[in-house]
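Data first, discussion second: the structure below is written as structure tokens.
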Amino acid sequence: MVKFYSIRFRLTAVFLAIILAVMIIISLFLYSTLERYHLNNLLDHLQRTGFLASEFLVGHLRGQIDTVRLSSLAENISRQAGARVVFIDEQGMVIGDSVRVGGLLNQKLEQEDVTAALDGEVSNSVTYSERIGHEIKQMAIPVREENEGVIGVIFLSTSLEDVYQTLADIRMFLFLSTVLAMAVVGGGSIALARRFTGPLEELTNAARKMSEGKLDQHIEFTSGDEIGRLADQFNIMAKKLNYYTNNLKKFAADVAHEVRTPLTTMSLLTKALKEHEMEPQQQKEFVDDLDNELDRLVQLVNDLLELSKLEKNQVEYEEITMNFFLKDMVRENKYRFSKSNLEFYDFIPDEIMKVYAVPMQLRQVVLNLLDNALNYTPSGGSVSLILYREDGEIITKVEDTGNGVPKKDQDFIFERFYRVDQARSREGGGTGLGLAIVSEIIAKHNGRVWVESEQGKGSSFYFALQAANE
Ligand code: ADP
């Protein structure tokens, strides 16, 4: 069904209106020019014939008037000129007529053009001829004798049928041209509009389906124009939306799963405490377990809050001197390492290295990396914090002599809730979010984070930030 407000209809209507207006203007101009041209041509022709004939007539009017000879002269001229030729003397009497039968010979011609010509003017007019049943063009030309003035008149008339027939042909041609132009332009604009609106309709359908929850939409439309680019952007947007929505669903499910385990344990412990008589020692163990699970839940909630804080962008970047920043962190954490019987080294050079970062977030990154080194390095091992500059980047490295990360897991450990060894992570109070937080913070700082590790030998976690301009 044609929708009157659709682009397709409006575009076609506008094109048709424009072409119709243009064709009407061109046709009117062309037609009036051609009409003028043909009528002027005819007039010229009659005038030339008249002047030529007047040369002959002057001689004849001087002597005795011979109407038979004059009529056959008129007939000759008429044959060549294709017009009726009538000779008239100075009294207005017809003295020669190319029409022999039923002509005007010997009649007085009281016709306006003739009267004007007798007064010395070339005169012409259009009138309807009963005799031939058509409009005719007629012209009266005065014949002059030197010093004597007007001594007669040549009256010429010719049918306008041919001229009108030609003009009618031209009219038909212009009409057919207009119809053809409108058909071509109409067809063209419909095709053009379809070319534009087809993809737009596809986009509308895809957007509607997305609003109904079907997010995996893709538009098969390739072209470099504006609509093609719109379709490309739509595809990118749909893909991202789909990806984020799936991620969000997965994240919600993961969180629920993470929360359920400590809650189930806590529920079992509480029931046991409530329903069974226990020795005070055993009771204390149960309460300690409850406390541990609660700590884990609190840590999980804290990490989740940390992640959601990262989504908000209201943070202030500051110039941070990494040397002092890391030295402070070494001081704050040294005790924890010695408590776990781990050597803790720092290699922080004197050369000042500055970055632009959000201090709280940078602290979180270093802390998470140190926490992991602490958790996954067996006692007796060592952990080093190293700072250096390379290719305009300030790189911080946390190296340990711990378990290492198997090659197959190295690509995934920065994802939320990914753990190489569930049990070991839990033991150390891990939530599976530490490296995800590191990765998101560093990404927000336009930096890079990566791991190099060999299973059983240890791991090195790096993060690189652009050096601040001095
Ligand atoms: P978690 O809370 O489990 O430590 P993370 O996101 O910090 O979560 O780390 C993800 C996983 O990467 C950990 O479960 C662990 O298996 C592995 N991992 C992280 N740091 C180290 C490390 N220094 N040595 C060995 N494995 C590590």
Contacts under 3.5 angstrom, residues 114-124 side chains, donor-acceptor by atom type, not counting sequence neighbours:
residue	atom	partner	partner atom	Å
Thr115	OG1	Gln111	O	2.8
Ser123	OG	Asp113	OD1	2.5
Asn124	OD1	Lys137	NZ	3.1

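For the side chain to side chain contact (heavy atoms under 4.5 Å, CB included) test with Phe463, the passing option among Leu369, Val438, Val398 is Leu369; the others fail.
Using a distance-only test at 3.5 Å, with no hydrogens or angles considered, no donor-acceptor pair links the side chain of Asn41 to the main chain of Asp44. Judged purely by atom type and a 3.5 angstrom limit, Asp409 has no side-chain atom pairing as donor or acceptor with the backbone of Val420. The backbone N or O of Leu435 lies less than 3.5 Å from no partner atom in the side chain of Ser439, so there is not a single donor-acceptor pair. Looking at Thr321, its side chain never comes within 3.5 Å of a backbone N or O of Asn323 through a donor-acceptor pair. Formation of a donor-acceptor pair under 3.5 Å by the Asp89 side chain with backbone atoms of Gly152 is not found in this model. With Glu161 contributing its side chain and Glu135 its backbone, the two residues share no donor-acceptor pair below 3.5 Å. Listed for the Asn368 side chain is no donor-acceptor partner under 3.5 Å among the backbone atoms of Ile437. In terms of modelled atom types and a separation under 3.5 Å, the side chain of His445 and the main chain of Val358 share a donor-acceptor contact. With hydrogens and angles ignored, the 3.5 Å screen pairs a side-chain donor or acceptor of Ser98 with a backbone N or O of Val85. Checking side-chain atoms of Ser453 against main-chain N and O of Gly458 turns up a donor-acceptor pair under 3.5 Å.
Atom OH of Tyr128 is surrounded by more than 12 heavy atoms from other residues, nucleotides or ligands within 6.0 Å. Other residues, nucleotides and ligands place more than 12 heavy atoms under 6.0 Å from the CD atom of Glu452. Within a 6.0 Å radius of CG in Asp391, other residues, nucleotides and ligands contribute 12 heavy atoms or fewer. In Met237, the CE atom is crowded: over 12 heavy atoms of neighbouring residues, nucleotides or ligands sit closer than 6.0 Å. Around NZ of Lys240, the count of heavy atoms belonging to other residues, nucleotides or ligands within 6.0 Å does not exceed 12. Other residues, nucleotides and ligands contribute only 12 or fewer heavy atoms inside 6.0 Å of the CZ atom of Arg69.
Of all heavy-atom pairs spanning Ala81 and His45, the tightest one is O-NE2, 2.7 Å. The heavy-atom pair separating Ala193 from Leu11 by the smallest distance is CB-CD2, 3.8 Å. Across every non-hydrogen atom of Met353 and Ile394, the tightest pair is CB-CD1, 3.6 Å. Summarising the geometry of Val153 relative to Leu57, their closest heavy-atom pair is O-CD2, 4.3 Å, with the distance given to 0.1 Å. Taking both residues in full, the closest heavy atoms of Val86 and Arg84 are given as CG2-NE, 3.8 Å, listed atom of the first, atom of the second, then distance. Of all the heavy atoms in Glu415 and Ala436, the pair that sits closest is C-CB, 4.1 Å.
Between Glu258 and Arg416, none of the side-chain N atoms (NZ, or NE/NH1/NH2) sits under 4.0 Å from a carboxylate O, so this pair counts as no salt bridge. Under 4.0 Å is where a charged nitrogen must lie from a carboxylate oxygen, and between Glu393 and Arg448 at least one such pair does. The pair Lys209-Glu212 does not count as a salt bridge, with every side-chain nitrogen at least 4.0 angstrom from each carboxylate oxygen. Using a 4.0 Å cut-off between charged side-chain N and carboxylate O, Asp225 and Arg229 make no salt bridge. Under a 4.0 Å N-O distance rule, the pair Lys239/Asp216 does not qualify as a salt bridge.
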Q: Determine, step by step, whether Arg389 and Ile395 satisfy the side chain to side chain contact (heavy atoms under 4.5 Å, CB included) criterion, reporting the C-alpha distance in whole Å, the side-chain angles of both residues, the deciding distance to 0.1 Å, and the verdict.
A: CA-CA 6 Å; Arg389 182 196 294 267; Ile395 300 172; over 6 Å; no
Q. Would Ile441 and Gln364 count as a side chain to side chain contact (heavy atoms under 4.5 Å, CB included) if you check the C-alpha gap in whole Å, the side-chain angles of each, and the deciding distance to 0.1 Å?
A. CA-CA 9 Å; Ile441 290 177; Gln364 188 73 54; 4.0 Å; yes
Q.
Assess the residue pair Asp169 and Gln165 against the criterion (side chain to side chain donor-acceptor pair (under 3.5 Å)); give the C-alpha distance rounded to whole Å, side-chain angles, the decisive distance to 0.1 Å, and a yes or no.
A. CA-CA 6 Å; Asp169 289 349; Gln165 186 54 53; 3.2 Å; yes
Q: Apply side chain to side chain contact (heavy atoms under 4.5 Å, CB included) to Met182 and Leu20, showing your working.
A: CA-CA 7 Å; Met182 287 183 71; Leu20 189 65; 3.4 Å; yes
Q: Run the numbers on Thr127 and Gln138 for side chain to side chain donor-acceptor pair (under 3.5 Å), then give the verdict.
A: CA-CA 8 Å; Thr127 184; Gln138 53 193 22; 5.0 Å; no
Q.
Run the side chain to side chain contact (heavy atoms under 4.5 Å, CB included) test on Val126 and Ile136 for me, step by step, so that the C-alpha distance in whole Å, both residues' side-chain angles and the decisive distance to 0.1 Å come before the verdict.
A. CA-CA 6 Å; Val126 174; Ile136 54 167; over 6 Å; no
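Tyr317 has its ring centre no less than 6.0 Å from the ring centre of Tyr356.
Here the side chains of Val259 and Val255 are in contact, with some heavy-atom distance below 4.5 Å. The shortest side-chain heavy-atom distance between Thr33 and Phe29 falls under the 4.5 Å cut-off. Counting only heavy atoms from C-beta outward, the side chains of Ser71 and Glu75 never approach each other to under 4.5 Å. The shortest distance between side-chain heavy atoms of Leu104 and Leu109 falls below 4.5 Å. Side-chain contact between Leu200 and Leu203 is present, with heavy atoms from C-beta onward closer than 4.5 Å. Taking the side chain as every heavy atom from C-beta outward, Met93 and Gln107 never approach each other to under 4.5 Å. In this structure the side chain of Thr178 never reaches within 4.5 angstrom of the side chain of Ile19, judged on heavy atoms.
In this structure, Lys354 NZ and Glu319 CD are separated by 4.5 Å, a value rounded to the nearest 0.5 Å. If you take CD1 on Ile320 and CE on Met322, they are separated by 7.5 Å, rounding to the nearest 0.5 Å. Rounded to the nearest 0.5 angstrom, Asn246 CG and Leu241 CG are separated by 9.5 Å. Taken to the nearest 0.5 Å, the NZ atom of Lys250 stands 14.5 Å off from the OG1 atom of Thr245. Separation of atoms CZ (Phe87) and CD1 (Ile95) is listed at 8.0 Å; rounding is to 0.5 Å. From Phe325, atom CZ reaches atom OG1 of Thr396 across 9.0 Å, with rounding to the nearest 0.5 Å.
Side chain to side chain, Asn205 and Glu201 fail the donor-acceptor criterion of an N or O pair below 3.5 Å. Asn76 and Gln80 share no donor-acceptor pair across their side chains, judged by distance under 3.5 Å alone.
Applying the side-chain hydrogen bond (donor to acceptor under 3.5 Å, both in side chains) rule to Ser27 yields no partners; only residues at least two apart in sequence or on another chain are considered.
Legend: ring pair (Phe, Tyr, Trp, His ring centres under 6.0 Å) pairs involving residues 232-257, not counting sequence neighbours, sorted by first then second residue: Phe251-Phe417.
In this pair, Phe414 and Phe461 present their aromatic rings perpendicular. The plane angle is above 60°, beyond the 30 to 60° band.
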